[in-house]
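Data first, discussion second: the structure below is written as structure tokens.
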Amino acid sequence: MNTRRMLGIALLVAGILGLVYKGFTYTKNTKEAKIGPLEFSLKDKEHVDVPMWLGVVAIVAGAGLLLSGKNS
């Protein structure tokens with residue numbers, strides 16, 4: 001499987017997931033404190049919205065890479 005085909009599949013899958021889920025959430029550690037034997041940690045959840053146009057562009061680009069890969 002060549003690089004162009006793998007990139008096309010990755011873009012296609014990312015575009016579909018972007019349209020279905022409309023974003024993703026991740027957790028990051030923001031503060032940590034150690035006071036003697038006690039340890040405290042604060043975690044924040046961040047949400048990133050994926051615009052619909054970006055999902056569509058990724059799908060079109062992925063399909064274009066897959067279709068152009070068959071001709072060459």
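Everything quoted here is computed from the prediction, not taken from an experiment.
From Lys43, atom NZ reaches atom OH of Tyr26 across 15.0 Å, with rounding to the nearest 0.5 Å. To the nearest 0.5 angstrom, Lys28 atom NZ is 10.5 Å from Leu42 atom CG. One distance of note links NZ of Lys31 with OG of Ser41; it measures 11.5 Å at 0.5 Å rounding. How far OG1 of Thr30 is from CD of Glu46: 9.0 Å, rounded to the nearest 0.5 Å. Here the CG-CG distance, from Asn2 to Leu65, works out to 10.0 Å after rounding to the nearest 0.5 Å.
The hydrophobic clustering, which links ILVMFWY residues whose side-chain heavy atoms are closer than 4.5 Å, places Val57 and Ile16 apart. Under the 4.5 Å side-chain heavy-atom criterion for Ile, Leu, Val, Met, Phe, Trp and Tyr, Val60 and Val20 are members of the same hydrophobic cluster. When the side chains of ILVMFWY residues are joined at heavy-atom separations under 4.5 Å, either directly or via intervening members, Val48 and Met52 end up in two distinct hydrophobic clusters.
For Gly15 against Ala58, the heavy-atom pair with the smallest separation is CA-CB, 3.8 Å.
With Leu66 as reference, Leu12 is the one residue of Leu12, Leu7, Leu11 to meet the side-chain contact (heavy atoms from CB on, under 4.5 Å) rule.
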Verdict with supporting geometry, Leu19 and Ile59, side-chain contact (heavy atoms from CB on, under 4.5 Å) = CA-CA 10 Å; Leu19 288 178; Ile59 291 171; 3.5 Å; yes
